[in-house]
2 protein chains.
Amino acid sequence: MSVSDRKVQERAAREELILGHARGFLLRRGFQDWNMEQLAGAVNYAKGTLYLHFESKEDLCLAVATRALRERADLFERASRFTGRTRERIRAIGFACCEFACSHPDYFKVELMLKSASFWEKATETRRQAHQMEGARCFRLVHEIVKEGMRAGDLPHDRMTSESVAFALIAVTVGSHIMSLEPAMKLVAGIEDPIRTVRQNQDLMCDGLGWRPLLADWDYSATDARLRREIFSTATWCDPVTIAG
Amino acid sequence: MSVSDRKVQERAAREELILGHARGFLLRRGFQDWNMEQLAGAVNYAKGTLYLHFESKEDLCLAVATRALRERADLFERASRFTGRTRERIRAIGFACCEFACSHPDYFKVELMLKSASFWEKATETRRQAHQMEGARCFRLVHEIVKEGMRAGDLPHDRMTSESVAFALIAVTVGSHIMSLEPAMKLVAGIEDPIRTVRQNQDLMCDGLGWRPLLADWDYSATDARLRREIFSTATWCDPVTIAG
DNA sequence: CCCCACTATTGACCATTGGTCAATAGTGGA
DNA sequence: TCCACTATTGACCAATGGTCAATAGTGGGG
């Protein structure tokens with residue numbers, strides 16, 4: 001058993017090594033600007049060995065993306081342990097999302113790549129499911145807080161379903177992130193601090209949903225300070241200032 | 001001159017033919033699932049001839065996308081001629097955007113493709129600029145109405161810059177469209193009518209921005225009816241019901 | 001009407017690269 | 001030490017984006 005065990009472990013370690021290097025390639029150079037030969041060279045294995053772990057280049061990249069998405073879901077989970085009014089708690093998720101975006105600056109670019117059908121099709125069923133599972137985990141964590149907000153009476157429950165509310169929050173966040181990474185948009189719209197813009201838009205959407213206490217009725221900078229202290233003491237980015245007024 | 005004129009015209013006609021077929025390929029099969037040989041066959045020209053018009057496959061696809069984006073900007077322009085309160089007018093743009101999304105169901109998928117760096121790099125500078133110009137046109141049309149809303153006092157002008165407001169509206173729209181075309185999300189969030197969801201989210205964002213008259217204070221279904229009558233009498237989709245309450 | 005110079009078009013060819021698999025090196029138990 | 005089995009390799013294949021020398025087509029001038 002010991003020999004077999006060691007082999008399993010070695011295999012896992014090698015997979016980790018490959019994924020790590022692939023992540024570097026993917027984030028720094030996109031999908032096209034490197035090939036499997038180069039990756040094989042980088043990890044000091046032959047090309048064929050890579051294919052013992054991954055069925056295709058797409059499969060490998062999906063695995064990289066799923067790993068990142070899992071980290072994201074983990075951050076969401078940490079954030080959802082934050083205590084306070086429900087709107088403070090959904091804010092924690094927004095914070096977590098931005099924390100993630102900062103430590104994985106090019107993640108959304110990779111995520112966009114996955115949306116292309118041909119890409120998705122070339123990946124293993126197992127890996128597709130794994131990715132969807134992590135995505136669903138993120139959704140569920142948001143959805144739970146939305147439902148609690150409705151139960152608590154902070155959020156109107158007669159206008160929209162809780163799922164639609166969760167969807168709206170996710171849409172505004174993803175949209176803001178994606179539009180932020182467009183250099184042209186930064187220029188045209190004069191966005192200096194993309195992350196701040198994302199959080200601002202999340203706040204606006206929460207206000208639009210009527211999620212109390214509204215931005216004007218609560219000191220959310222205090223919430224952020226507490227959040228940073230209690231949950232994200234290791235956060236890597238500066239507190240964005242909330243909308244004036 | 002007549003001979004030369006004819007040649008120019010023939011060349012333009014052929015480019016049109018190629019773009020038309022490429023559009024079909026791109027929307028129906030994505031970027032990978034067809035090759036230049038097949039496209040050449042479809043238009044009854046040799047592969048080399050395609051390269052007399054376009055520098056690369058990416059260049060060709062960017063041209064297709066830009067053509068669609070131009071239609072989108074044209075619709076925005078038509079929408080911005082709508083009269084009424086400024087929030088009604090921004091609603092017209094939202095309507096135009098959805099009208100466009102309905103007639104080009106896979107446009108956003110193609111647009112996503114363009115965000116990959118390697119794609120963008122392989123296209124001609126001219127075509128890149130053309131695409132950015134149409135994008136900027138869309139932004140400008142939104143921005144104009146935002147500025148007018150601030151001038152008219154319908155939209156607070158002391159909280160955010162007009163650019164940030166335009167950005168927020170675009171982000172929520174793009175994000176909603178993109179998330180809508182994810183089949184998993186439809187399942188998890190129970191989205192039946194994606195377009196309705198997009199408009200709903202636009203409404204929520206406008207409310208969040210404090211753009212008066214708020215959803216609850218105005219009969220926007222009447223606005224939609226007028227919009228449909230006066231501007232988009234040829235619209236292809238059903239009026240979405242606004243949020244209850 | 002023919003001819004020639006010039007242009008337009010072609011498709012065989014090339015280079016790159018994702019993916020395969022027969023050959024080889026390595027390993028551990030007898 | 002040897003053998004049977006596994007792990008690893010990299011030469012090879014097929015697909016495809018892109019090129020360019022060869023060929024077909026064209027129109028003006030004689």
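By convention in this document, chain letters (A, B, ...) are assigned in the order of the sequence lines, proteins followed by strands, and residues within each chain are numbered from 1.
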How long is the line joining [atom1] of [X] and [atom2] of [N], in whole Å?
{"X": "Glu58(B)", "N": "dG17(D)", "atom1": "CD", "atom2": "P", "result": "9 Å"}
{"X": "Lys57(B)", "N": "dT19(D)", "atom1": "NZ", "atom2": "P", "result": "15 Å"}
{"X": "Leu52(A)", "N": "dG10(D)", "atom1": "CG", "atom2": "P", "result": "13 Å"}
{"X": "Leu60(A)", "N": "dG18(C)", "atom1": "CG", "atom2": "C1'", "result": "12 Å"}
{"X": "His53(A)", "N": "dA7(D)", "atom1": "NE2", "atom2": "C1'", "result": "10 Å"}
{"X": "Phe54(A)", "N": "dT20(C)", "atom1": "CZ", "atom2": "C1'", "result": "18 Å"}

- prompt: Does the ring centre of Phe31(A) sit less than 6.0 Å away from the ring centre of Phe119(A)?
  reply: yes
query: Given the side-chain rings of Phe167(B) and Phe139(B), with only the six-membered ring counted for Trp, is the space between their centroids under 6.0 Å?
result: no
field: Pairing partner of dC20(D) (Watson-Crick or G-U wobble, both distances under 3.5 Å)
entry: dG11(C)
- prompt: For dG29(C), which nucleotide is its Watson-Crick or G-U wobble mate, given both distances must be under 3.5 Å?
  reply: dC2(D)
field: Exam field: side chain Thr49(A) to backbone Tyr45(A), donor-acceptor pair closer than 3.5 Å
entry: no
query: Any donor and acceptor pair, going by atom type alone, linking the side chain of Asp106(B) with main-chain N or O of Lys109(B) inside 3.5 Å?
result: no
query: Of all residues at least two apart in sequence or in a different chain, which pass the side-chain contact (heavy atoms from CB on, under 4.5 Å) check with Ala12(A)?
result: none
- prompt: Got a sec, which residues hit side-chain contact (heavy atoms from CB on, under 4.5 Å) with Leu50(A), two or more places apart in sequence or on another chain?
  reply: Ile18(A), Met36(A), Leu39(A), Ala40(A), Val43(A)
message: Students often mix this up, so state it plainly: with edges at 30° and 60°, are the rings of Tyr107(B) and Phe100(B) parallel, tilted or perpendicular?
response: perpendicular
- request: Could you list by number each residue of residues 31-51 of chain A showing a heavy-atom separation from DNA chain D of less than 4.0 Å, or answer none if no residue does?
  value: Tyr45(A), Ala46(A), Gly48(A), Thr49(A)
- prompt: Residues from residues 9-29 of chain A sitting under 4.0 Å of DNA chain D, heavy atoms only?
  reply: Arg14(A)
- request: Would you list the pairs meeting side-chain hydrogen bond (donor to acceptor under 3.5 Å, both in side chains) in which at least one residue belongs to residues 56-73 of chain B, sequence neighbours left out?
  value: Glu16(B)-Arg67(B), Asp59(B)-Thr124(B), Asp59(B)-Arg127(B), Thr66(B)-His131(B), Arg70(B)-Glu134(B), Glu71(B)-His104(B)
- line: Contacts of Phe108(B) meeting ring-ring contact (aromatic ring centres under 6.0 Å, His included) (sequence neighbours excluded), chain-then-number -> His177(B)
